[in-house]
Amino acid sequence: MSTATSGGPSLPQERRLVTEIPGPRSRELFARKQSAVPPGIGTTLPVFVTQAGGGVVVDADGNSLIDFGSGIAVTSVGNAAPHVVERVRRQVGEFTHTCFMVTPYESYVRVCEKLNAITPGDHEKRTFLVNSGAEAVENAVKVARHATGRQAVVVFDHGYHGRTLLTMSLTAKNMPYKHRFGPFAPEVYRVPLAYPFRWPTGPENCAEEAAAQAIDMINKQIGAENVAAVVIEPIAGEGGFIVPARGFLPRVLEFCRANGIVFVADEVQTGFARTGAMFACEDEGIVPDIITTAKGIAGGLPLAAVTGRAELLDAVHVGGLGGTYGGNPLACEAALGVLETIEEEDLVARASRIGELMLPRLHALRERYPVVGDVRGRGAMTAIELVVPGTREPNPAAAAEIAKRCHAEGLVVLTAGTYGNVLRFLPPLVIPEHLIDEGLTILEKAIESH
Ligand SMILES: *Cc1c(COP(=O)(O)O)cnc(C)c1O
């Protein structure tokens, strides 16, 4: 199947720099990008990719970069993973679209059956498919409002849920996501998140105090009986890989259960083996009423899903949900290929192993370099938060500078965080261990010399 020029896992698993980064060919393409594409579509690292697979991306100048980004937690099974490639190739020659709402096909139903089976909880579930994470979150809110007859939606500090009007309104951070894009959707309320590193009275009290504050705000400012849904990421992604203090999520869930509020877990970034469990909710035994998934679901083909309690999803009238492309047949085949790959290669365990390799080395960096204020994450979703040494003051300049140095050395890393001061690491779960090692060495040198 693979030829000398194809991407995927057959690509040499090595860092190889043959030009400066970006090289001349990428610079030429970037100049064309700047005249054809608006600057609102930003660029983290201006190398133009020609192939990718395993733990590397190869650019137009022949450089091979170590991938600690997975296209933002998307290519968890690796780029051009064999099961994905085979299934999509076969499907593209059969048919590419009928619209599932016009004349359905089996692969869509199969993906839904699988998601109903593997998401947390053994209650009766339903799933429907859409095109993006934002669309999934927006639909989860539609379902929760319809099923409860209530309007308010509660979200959290540092939350990120997308860029459409509703999901931008659910998102916490102004710049770059919301700035001058208002007015925002109504009936969205934001409450504190249990952010251990920045909790004013310290991490020990964080879970209890944050939950108490959030619940008090809901009761006093909205009225629990007016709340349709609480929407929360089990680990805040764009907000800075914030793992809520243990006990916070169960307390919020308990409050939702007691008040007839739909608990929506936004696992768009944390899903599909990324955190060392199939879903991040499993860590504290959280069983959400609705779970939204996207990024890791289909190897990069556009697909997202809303999975939830049958009685909630079945409440919506016939024709009330959907979209022209939702559950495209190529994307459904890709998702089935992803699920086969996760199972066959035991990528849940691989994600845990990646965490075991990375976290001790990241903690060692924190001991050695006072610019590293916090280390956190689970499995193959880890991060460091950078501070002004000796303080907890956010240091976005250091994050930008260190990321730039990593990029120049051929390591793809991403930044994140409300304060822009977090470096996050999301390698494909199939990355060879020697590349993790080499990537961390590059990171350490970049921190040392920044
Ligand atoms: C990326 C992301 C989204 C939005 O997904 P898109 O596919 O970019 O629309 C929503 N929620 C979370 C937690 C995300 O990380």
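Computed from a predicted structure; not experimentally measured. Note that ligands are numbered from 1 as they come in the structure, with each ligand's atoms numbered from 1 the same way. Numbers for residues simply follow the sequence, beginning at 1.
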Under-4.0 Å heavy-atom contact with ligand 1, by part of Glu267 that carries it: neither
Any protein heavy atom nearer than 4.0 Å to atom 8 (O) of ligand 1: no
Residues Thr270 and Glu267: side-chain donor-acceptor under 3.5 angstrom: yes
Shortest protein contact, atom 4 (C) of ligand 1 (heavy atom only): Ala134 N, 3.6 Å
Ligand-side contact atoms (ligand 1) for residue partner Gly133, heavy atom cut-off under 4.0 Å: 4 (C), 5 (O), 6 (P), 7 (O), 9 (O)
Per-atom contacts of ligand 1 with Asp266, taking only distances under 4.0 Å to non-hydrogen atoms: 10 (C), 11 (N), 12 (C), 13 (C)
Shortest protein contact, atom 2 (C) of ligand 1 (heavy atom only): Lys295 NZ, 2.5 Å
Evaluation steps, side chain to side chain donor-acceptor pair (under 3.5 Å), between Glu385 and Asn421: CA-CA 6 Å; Glu385 175 161 356; Asn421 64 331; 3.1 Å; yes
Glu254 bridged to Arg257 by N-O distance under 4.0 Å: no
Test: Glu340 and Arg87 ion pair at under 4.0 Å: yes
Distance-only polar pair, side chains of Glu238 and His158, donor-acceptor under 3.5 Å: no
Proximal atoms of ligand 1 relative to Ser132 (non-hydrogen, under 4.0 Å): 7 (O), 9 (O)
Presence of salt bridge, Asp374 and Arg392, under 4.0 angstrom: no
Short N or O distance, Val137 and ligand 1, threshold 3.5 Å exclusive: no
Proximity to ligand 1 by part of Ala294, non-hydrogen separation under 4.0 Å: neither
N or O contact, Glu135 vs ligand 1, cut-off under 3.5 Å: no
Any side-chain heavy-atom pair of Lys173 and Lys178 under 4.5 Å: no
Numbered atoms and elements of ligand 1 in range of Glu233, under 4.0 angstrom, heavy atoms: 13 (C)
Close side-chain approach of Ile66 and Val412, heavy atoms under 4.5 Å: no
